[in-house]
S.K.: 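This structure is in structure tokens; I'll ask about it shortly.
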Amino acid sequence: MKLITCGLPYANGKAHIGHLRTYIPADIYVKYLRMLGEDVIFVCGSDSHGTPIVVNAEQANMTPKQLVDIYHKHFQEIFEKLDINFDYYGRTDEEYHHQTTQEMVKKLIEKGYVYPKEIELAYCPKCERFLPDRYVEGTCPYCGEIARGDECDQGCGRHLEPGEILNAKCKICGSKAVYKKQKHYFFKLTEFKEFLEGYLDKLKGTENALNYARQWVKAELKDWCITRNLEWGVKFPNEDLVVYVWVDAPIGYISFTKKACEKLKKDWKSIWLKDGEIIHFIGLDIVYHHCIFWPAMLKGADYNLPKAVVASGMVKVEGKTFSKSRGYVVWVEEDYLKAGLNTDYLRYYIINYTSHQKDLNFSWEIFKDKVNNELIATLGNFMYRVLHFAWKNSKEIKMDVDEEVMEKIKEVKDKIVESLNDWEFKVASDAFMELASFGNLYFQNAKPWELIKKDKEKCEKVLSSCLQLVKALIIFGYPILPKTMVEMGKIVGIDVKNSKIDDALKVDETIALNKPKVPFEKVEDEKVEELEKKMMRRIRGEKMEEVVDIEEFTKLDLRIGKIVKAEKIKKSKKLLKLEVDIGNEVRQVVAGIAESYEPESLVGKLVPILVNLKPAKLMGVESQGMILAVDVDGKAILMHPERDVPVGSKIR
RNA sequence: GCCGAGGUAGCCUAGCUGGUUGGGGCGCCUGACUCAUAAUCAGGAGGUCGGGGGUUCGAAUCCCCCCCUCGGCACCA
């Protein structure tokens, strides 16, 4: 038995194209496996725990559960609409999942892989509680930037372990937190180093995931703090703590398997306690958890281990790095579904643009081209011209298929099966499209429109061969284009949902036809323009929505300074150390402009500088201000006053 | 800076255990055809295989150096 899982979407935001990049290929893979007669279970669910959900729920004035309800439902709807059909789509805040998690945690405790340790944690005296993760705001111990409890999100991006953050403040009431000792629990990840090294050698999947994980294991493993001070989450045994969300989230794979098995009358133990083949589909961002923490936990608690981890590459939007805040995003509901576009188009784009491991660029222009030129002109046109021609002339065709055609179908089938084994879904979809091209060529060369006038028998033979190709296309194409192929199946009398891949190689006595209709609607230029405009508006506009009042602005002491000295900071790629004359004094400022400017070229330049910025240390160098610069795709471009002005002049 | 993955025609790619003129798809140009959603079919143009060295009778393919892109880590005040 095989189990396929997808990384759990975090129930804290809506579905975007980045999510689909994992779920659609996984679904296609599952549909193909089923056609190959494999016994497959496919599960996923909402990741409901963790502090962001608690914080966001509080801000929205609702309970965490209510917040999760919203997004859980959202994702279920999205998946249904896109024909991503999980056998079970659960959520981690349900009782059954808590039970499964606790069983596993207890097992790890019993086996001695968990130990308590006192650590100093931020505690809010006013709210009378410890402040986990994003309840804390403070200073990053590494870069001095304002950070939240678990991650220095504004600054260096480092992951912070509980207790590491400095000058902590409670995010809820704003009062200064004190540090108090508290007992927390750690998982002995370090004991699994050797196991992991061996395991990662055998683990299958995409190279992008495996290499990445091997790198981590080679470098350094630290024991892992697995408890948090929260009410929302899975209770840690005998303590007033909750297990860390990244402990319980992957256990969702097990608890959702149990639920799926209940429904399907199958045995979950044969998968998780014996030798079922477990395959995880994930995004590249969570390789660490799936290739390191997760197998170590499973090993420690005597569970079966994943056989493969398949990681999808990044998604770009219109050639730019995916970014929700910058507007380079495609929301599934708001952008795609609302536009009334056929969901099969998106499935095809995602599977066929490039190899699963590589970066996928989503662009509406390319989308239009792929749909109109490939799906419609090649595939749709072939199916329709055959069906329409055949139906117009006879309604029922006696089947007598050309050997050459059968061989071609067989060849394409083999290619599809082979590429699936390598997680090369594009290759599979290319093979499928190649069959449609073959069909067009066959039809064109055989000229049935001429044959029908002089040799009806021969014409029928040609049509029968073409119909067999259509049938094969319906079957091979179903995993990729389920909606369309179900409809096409009805025309030729195939129940494609229950077909096997080898049915494409079986020839019926006759095929009776229903009235055909065109498989796909074109994507019009106007539609694409509209969608592009919408995206451009978002890219330009979104950041301007936040309003700042004049008082806030006047707090900033902005002046013109003159760069009097500039030098590189050793071992730094982006930073320059500048000395800037601001009239009454000379300030030392560290600026991240080394990629755009040579130090020599800067001396003497007048630049805007924020003078009253809190000083910070970068790479050990003190910085007492900030040079303002234009950000063009991450590159810094300096600004200068339009004419000479005295140093220290105020900017308003 | 370190580590990993890459850089093949406008775009997506095959080839990478070295060997006849580097394949395919989309787009582009020309012609043919009309069953078909101006779809299809044939032909064609287009590549210093990131750059430079080297090994070899022979390199996209092996070795060295460099450049660029992406991701991770390390400083992007």
S.K.: Distance-only criterion, 3.5 Å: show the donor-acceptor pairs between side-chain atoms of residues 580-589 of chain A and protein atoms not counting sequence neighbours.
M.R.:
| unit_1 | atom_1 | unit_2 | atom_2 | d |
| --- | --- | --- | --- | --- |
| A:Asp581 | OD1 | A:Gly583 | N | 2.8 |
| A:Glu585 | OE1 | A:Arg587 | NE | 3.2 |
| A:Glu585 | OE2 | A:Arg587 | NE | 3.3 |
| A:Glu585 | OE2 | A:Arg587 | NH2 | 3.3 |
| A:Arg587 | NH1 | A:Val611 | O | 2.9 |
| A:Arg587 | NH1 | A:Gln624 | O | 2.9 |
| A:Gln588 | NE2 | A:Glu622 | O | 2.8 |

S.K.: Between B:U20 and B:A60, how far apart are the two P atoms, rounded to whole Å?
M.R.: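 The same atom, P, in both gives a distance of 10 Å.
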S.K.: Does A:Lys395 make a cation-pi contact with A:Trp391, if we ask for NZ or CZ under 6.0 Å from the ring centre and within 45° of the axis?
M.R.: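 Cation-pi check for A:Lys395 and A:Trp391: passes.
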S.K.: According to ring-ring contact (aromatic ring centres under 6.0 Å, His included), who are the partners of A:Tyr384, at least two apart in sequence or on a separate chain?
M.R.: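 For A:Tyr384, the residues satisfying ring-ring contact (aromatic ring centres under 6.0 Å, His included) (neighbours in sequence not counted) are A:His388.
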S.K.: Side chain of A:Tyr353, heavy atoms from C-beta onward: which of B:C11, B:C26, B:C35 has the nearest atom to it?
M.R.: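 The nucleotide sitting nearest to the side chain is B:C11.
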S.K.: For every nucleotide of nucleotides 36-46 of chain B, 5' to 3': is a protein heavy atom under 4.0 Å from its base (B), only from its sugar-phosphate (S), or from neither (-)?
M.R.: BB-SBSS----
S.K.: How far, in whole Å, is B:U48 from B:U61 if one measures between their P atoms?
M.R.: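 Rounded to whole Å, the distance is 15 Å.
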S.K.: Expressed as a whole number of angstroms, how long is the span from A:Leu200:CG to B:G4:P?
M.R.: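 Atom-to-atom, A:Leu200 to B:G4, this comes out as 16 Å.
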S.K.: Which value, in whole Å, describes the distance between the P atoms of nucleotides B:G15 and B:C41?
M.R.: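 My reading of the P atoms in B:G15 and B:C41 gives 25 Å.
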S.K.: Check whether any side-chain N or O of A:Ser465 sits under 3.5 Å from a backbone N or O of A:Asp402 as a donor-acceptor pair, and report yes or no.
M.R.: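 Side chain of A:Ser465 to backbone of A:Asp402, a donor-acceptor pair under 3.5 Å: yes, one is there.
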S.K.: For A:Glu579, which residues count as a salt bridge (Lys or Arg N to Asp or Glu O under 4.0 Å) partner, sequence neighbours excluded?
M.R.: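 For A:Glu579, no residue satisfies salt bridge (Lys or Arg N to Asp or Glu O under 4.0 Å) once neighbours in sequence are set aside.
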S.K.: Under the ring-ring contact (aromatic ring centres under 6.0 Å, His included) test, which residues partner A:Trp364, sequence neighbours left out?
M.R.: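 Checked A:Trp364 against ring-ring contact (aromatic ring centres under 6.0 Å, His included); matches are A:Phe362, A:Phe367.
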S.K.: Of the residues in residues 362-370 of chain A, which ones touch RNA chain B at a heavy-atom distance under 4.0 Å?
M.R.: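 None, since no heavy atom is under 4.0 Å.
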S.K.: Going by atom types only, do A:Ser312 and A:Thr22 share a side-chain donor-acceptor pair under 3.5 Å?
M.R.: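 The answer is yes; a qualifying pair exists.
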S.K.: I want to verify a distance call: between B:C35, B:G4, B:C70, whose nearest atom is closest to the A:Phe389 side chain?
M.R.: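 My answer, after comparing the listed nucleotides, is B:C35.
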